[in-house]
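First the structure, in the form of structure tokens, and then the observations on it.
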Amino acid sequence: MVQNLIFVIVLYVIGFVYLCTYFNLYIPYMAQVRVRFAPSPTGPLHIGGVRTALYNYIFAKKSGGIFILRIEDTDQARFVEGAEEYIMEALKWCGIIVDEGIKEGGDFGPYRQSDKKAIYRQYADILINNGDAYYAFDTPEQLETLRNESEKTGNTFIYNAEVREKLNNSVSLQETEWKRKLDNGEPYVIRYKMPHNEDIHFDDIIRGNIVVNTSTLDDKVLFKSDGMPTYHLANIVDDHLMKISHVIRGEEWLPSLPLHFMLYRSFGWDTPLFAHLPLLLKPDGKGKLSKRDGDKLGFPVFPLFWPYGETAKGYREEGYYADAFVNMLALLGWNPGTEQEFFSMKELTEAFTLDRVGKSGSRFDPEKAKWFNHHYLQNKTSTQLALEFREFLRARGYHVDIVQLETLVGLVKERVSFVKDIWDQTDFFFKAPETYDQEVIKKRWKEDSAMLLMELKCLLEKINDFSAANTELLVKAWIEEKGYNTSTIMSALRLVIVGTSRGPHIFDIISWIGREETLKRIDKGFSVIGK
RNA sequence: GGUCCAUUCGUCUAGUGGCUAGGACGUCAGGUUUUCAUCCUGGUAACAGGGGUUCGAUUCCCCUAUGGACUACCA
């Protein structure tokens with residue numbers, strides 16, 4: 001009896017394990033998406049980089065995959081203090097959540113390349129041993145000279161199969177010679193031995209099949225004389241070790257894809273799938289959007305303010321909402337195939353597919369970015385906006401009751417794209433005009449304006465309930481009764497209250513600033529414009 | 001210069017072997033608002049050029065032009 005029970009349990013366990021194995025092997029394995037965003041900490045991350053991170057992230061999340069942040073800092077000379085933190089904060093602001101990284105940890109670390117120097121060296125040695133790489137002793141100066149000489153004759157110097165024999169390396173030199181150099185501690189690099197005249201085919205999810213002949217490629221340096229790998233080696237090794245399933249990166253990497261393919265082949269590893277994203281172009285014409293542009297183009301090229309050295313503006317500090325920024329960025333180079341334009345991060349992760357990413361570069365349009373922010377701002381409540389605007393006012397020394405501010409924000413909300421715009425629309429609520437628009441005076445200040453204004457003042461003095469609705473009612477009744485010209489009176493009143501011809505309904509304005517202030521402004525306007 | 005990639009309104013883009021080539025931003029006009037904006041309605045505006053293939057090409061192929069990326073012991 002007991003034996004039977006054990007037998008049944010064992011059967012169940014075996015069945016369960018079998019099922020798990022089956023699904024592990026076939027379903028989750030195939031679906032296990034692991035992508036990485038791999039920036040270099042050489043300064044602030046620009047919006048092209050943010051978009052690459054975003055596409056990686058939403059692609060991964062669509063299938064429940066893993067998003068990895070890997071810091072590629074193999075060039076110690078270009079390391080910039082604060083850049084790592086900046087990258088992490090920028091992603092966080094955008095709502096891009098890192099699953100594995102230097103802060104988050106993970107089973108495939110270290111996630112900072114400078115922390116795993118020794119590992120790369122081992123892989124470089126593998127290539128040396130199987131004959132796919134070699135030691136090269138040429139100094140940078142020697143190579144520079146060769147390049148300059150070639151340029152004079154109109155040719156381009158490339159370190160490849162044809163010239164490698166004539167240079168200083170373990171292919172051209174006698175074994176005793178190059179071993180002696182190694183023993184003497186002469187500086188060297190390790191170069192990939194690119195095969196001669198071979199067509200290699202590879203696929204890109206966005207661009208399709210591409211063919212390149214290896215003769216046009218050079219023997220790239222894989223390992224530098226300073227003991228660090230170059231991008232190419234570190235990148236391939238890490239992508240393999242971290243089990244990256246899809247490499248989604250900028251198009252600037254497309255020319256080095258053949259090399260990367262060759263490296264995978266030399267190591268005997270399966271290649272991940274590649275997708276090269278089109279570049280983000282400058283709005284004014286030429287070239288890709290670059291870090292150097294700074295804010296000289298009139299809009300930020302960075303997500304956050306960069307506080308070090310040569311500072312740079314950021315979208316966050318300029319008043320953009322993160323969700324508007326992300327929405328705008330997502331649609332630059334990708335579209336859902338429907339007419340939907342507004343996407344939350346969740347909706348993006350549901351709708352995103354790589355096959356709807358375009359092939360050509362996108363020029364960045366600051367106007368559209370602004371429009372997106374306008375839309376997102378309209379979806380905020382007046383309370384939220386009042387809270388944000390209060391901070392703005394505090395910095396300017398104004399302390400206003402939050403309920404008052406809510407009313408104010410409600411009056412101008414739909415005409416602004418940024419919280420800071422509220423100030424431009426409402427400055428006259430806080431301070432009386434110092435000058436009066438001459439154009440408006442010329443056009444709208446009539447012979448009897450001053451006299452009518454004084455009469456209006458007397459009326460306003462007597463109104464107890466100074467709410468917008470009540471004043472409007474009484475003033476209009478008065479105009480009607482006397483048979484006055486509405487336009488003349490309204491224009492004159494607006495002129496003395498605002499200083500020019502703009503702003504929300506005039507009764508809303510005078511009600512908000514109150515009777516006392518209204519009367520004061522009428523007097524002041526009367527004495528200045530007078531007549 | 002070489003290698004690779006790309007090319008639909010000013011911009012972001014949809015789309016098809018036969019359509020009035022669609023949408024959005026911008027812009028322009030009208031309406032609303034007794035102001036200014038917002039908002040609403042409408043208009044403007046594109047298949048880079050030349051050859052093929054085809055009854056028919058914006059769509060498929062080739063060439064040219066243009067733009068871009070790369071061409072470092074940078075990523």
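Fair warning: this is a prediction, and the values are worked out from it, not measured in the lab. In what follows, chains are A, B, ... by sequence order, proteins preceding strands, each numbered from 1.
Of the possible polar contacts, none joining the A:D218 side chain to the A:I158 backbone as a donor-acceptor pair under 3.5 Å is found.
Nearest to the side chain of A:T74, among B:G1, B:C73, B:A75, sits B:A75. When distances are taken from the side chain of A:L254 to each of B:A75, B:C5, B:G26, the shortest belongs to B:C5. In this structure, of B:A75, B:A69, B:C5, it is B:A69 that holds the atom nearest to the side chain of A:L279. Checking B:C73, B:C5, B:C36 against the side-chain heavy atoms of A:I210 singles out B:C5 as nearest.
Residue-level contact check: A:D138 touches the bases, meaning some heavy atom is under 4.0 Å from a base atom. At a threshold of 4.0 angstrom between heavy atoms, the contacts of A:T156 include nucleobase atoms, whether or not backbone atoms are also involved. A:P504 comes within 4.0 angstrom of a nucleotide base, judged by non-hydrogen atoms across all strands. Residue contacts for A:H232: at a heavy-atom cut-off of 4.0 Å it reaches no nucleic acid atom on any strand shown. Within 4.0 Å (heavy atoms only), A:V189 reaches at least one base atom of the nucleic acid.
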Report task. Sugar-phosphate atoms are those with a prime plus P, OP1 and OP2; base atoms are the rest. Using that split, label each nucleotide of nucleotides 6-15 of chain B B, S or - for protein heavy atoms under 4.0 Å, 5' to 3'. Result -> SS---SSSSS
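Contacts of A:Y111 classified as side chain to side chain donor-acceptor pair (under 3.5 Å), with partners at least two apart in sequence or in another chain: A:E100. Judged as a side-chain contact (heavy atoms from CB on, under 4.5 Å), and not counting sequence neighbours, the contacts of A:S511 are A:A468.
Look at A:K224 and you'll find a side-chain N or O under 4.0 angstrom from OP1 or OP2 of B:A75. Remark: A:K220 is not in phosphate contact with B:A72, judged by side-chain N or O atoms under 4.0 Å from OP1 or OP2. A:R191 has a side-chain polar atom (N or O) that falls below the 4.0 Å cut-off from OP1 or OP2 of B:C73. For B:C39, one of the phosphate oxygens OP1 or OP2 lies less than 4.0 angstrom from a side-chain nitrogen or oxygen of A:H374. Contact between the side-chain N/O atoms of A:R147 and the OP1/OP2 oxygens of B:C73 is found at a separation under 4.0 Å.
Going from atom CG of A:N168 over to atom C1' of B:C73 covers 15 Å, rounded to whole Å.
Judged by distance alone with a 3.5 Å cut-off, no donor-acceptor contact links the side chain of A:R494 to the base of B:C36. With hydrogens and angles left out, the side chain of A:T216 and the base of B:G2 share no donor-acceptor pair within 3.5 Å.
For the C1' atoms, the distance linking B:A6 with B:C39 amounts to 40 Å, nearest Å.
The pair A:E341-A:K368 meets the salt-bridge criterion, with a side-chain N (NZ, NE, NH1 or NH2) lying under 4.0 Å from an Asp/Glu carboxylate O.
A:I190 has its side chain within reach of A:R121: a pair of non-hydrogen atoms, C-beta onward, lies under 4.5 Å apart.
The distance from the OH atom of A:Y55 to the CG atom of A:L348 is 9.0 Å, given to the nearest 0.5 Å.
In summary, the side chains of A:T500 and A:D437 do present a donor paired with an acceptor at a separation below 3.5 Å, with no hydrogens or angles considered.
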